[in-house]
Structure formats: structure tokens, C-alpha cells
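Written below as C-alpha cells is the structure these notes are about.
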Amino acid sequence: MTTLTVNGTTHDVDLPDDVPLLWALRDALNLTGTKYGCGVASCGACTVQIDGEAVRSCRVAVGDVWGDVTTIEGLGSPDALHSLQQAWVAHQVAQCGYCQSGQIMQAAALLAENPRPTDADIDSAMQGNLCRCGTYPKIRAAIHDAASKMQG
């Protein structure tokens, strides 16, 4: 039995310690916003945050989780979307949408660390998150927009 705090709620998960966090989130907790992409931490679709750090949940075992987990479901709410989620909608970033939860979680970690990123900062932080639809210019614009709004 492993205890995880996910999106502010504590859960006891009856899974072996070596099960990837991704599967605990999706299968045990029914939080399906985090996507399976490659399984080897190369695409970023499964990105979540642990204590504010963007991590690939496909490569972190539940027994190795070191802090509170935030998924896309915990970033905002239907009544109060996070600034990044609002910017994603405003800039019509998503095409197929499969990678977008991971993109947003990575961008949220970036903005928490660097509230005024340059294009180079964004490109560097986001380079491990792949978008097969190629919406990178829209992603960058949405991050800049969210950063501006978060600054006030």
C-alpha cells in the first residue's frame, strides 16, 4: 500500500512500489488527463508535477514519489481555469490535443520558476515535450500570454 497526495487529496493505492506513477494516476485514481505517449520519458505526454517539479510520470515509480503530485486535473478547475489553460484556449493551441496536458504541466513548472521567460527560455524548457501536430508557435504564444496575465 502506497500513500500519494494527488491534487491536494490523499489516496492509499494498493499497487506494487515499482508501478509507474502514470498507471497509478490513470488506472487506480481514474485521473486520465495524464497521457501515455512513449513509456520512456522522451515525449512529455505524461508530464505531471511532483512538488512543483515537472516529471515524466511514466518513469517515476509510485514507491519513489517524493512529494505532492499535481496533474492537469489539479492545475485549475472547470470554474476557474489556470492562466495557462485559458491561454491555450484563447490561442487555439490544441489540434489533436493528446500532448497538451503534458505541455501545460511543463509550462506551469516553467512559469513557476521563471515568470518572464524569453522565447529561448520557453524553447529550452519545452524541448522535451513533443507535439506531433507542430503547434509550437502557438504554445510559445500561449505561454507568453499566460505569463503576462499572471504578472497582472
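Note that the structure is a prediction, hence the values are computed from the model and not measured.
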Using only atom types and a distance under 3.5 Å, with no angle test, would you say the side chain of D17 pairs donor to acceptor with the backbone of A61? no
For the side chain of Q95 and the backbone of T135, is there at least one donor-acceptor N/O pair under 3.5 Å apart? no
Is the backbone of V13 close enough, under 3.5 Å, to the side chain of H11 for a donor and an acceptor to pair up by distance? no
Is Y98 reaching over with its side chain to a backbone N or O of Y36, donor-acceptor style, under 3.5 angstrom? yes
Would you say S124's side chain and A120's backbone share a donor-acceptor pair under 3.5 angstrom? no
Would a hydrophobic clustering, with Ile, Leu, Val, Met, Phe, Trp and Tyr connected at side-chain separations under 4.5 Å, put V55 with L110? no
Treat each ILVMFWY residue as a node, draw an edge where side-chain heavy atoms are under 4.5 Å apart, and state whether V48 and V19 are in one component. yes
Check whether N129 reaches the backbone of G102 with its side chain - one donor and one acceptor, N or O, closer than 3.5 Å. yes
Heavy atoms, side chains only, cut-off 4.5 Å: are C96 and R132 in contact? no
Nearest 0.5 angstrom please: H91 NE2 to L84 CG, how far? 10.5 Å
Can a donor-acceptor pair be found, under 3.5 Å and without considering hydrogens, that links the side chain of Q49 to the backbone of M105? yes
I'd like to know if the side chain of D51 reaches the main chain of D68, judged simply by a donor and an acceptor atom lying under 3.5 Å from each other, with no hydrogens or angles considered. yes
Verify, without hydrogens or angle tests, whether R26 (side chain) and T32 (backbone) share a donor-acceptor contact under 3.5 angstrom. yes
Tell me, do L130 and Y136 make a side-chain contact under 4.5 Å, heavy atoms counted? yes
Side-chain (Q106) to main-chain (M126) donor-acceptor, under 3.5 angstrom: no
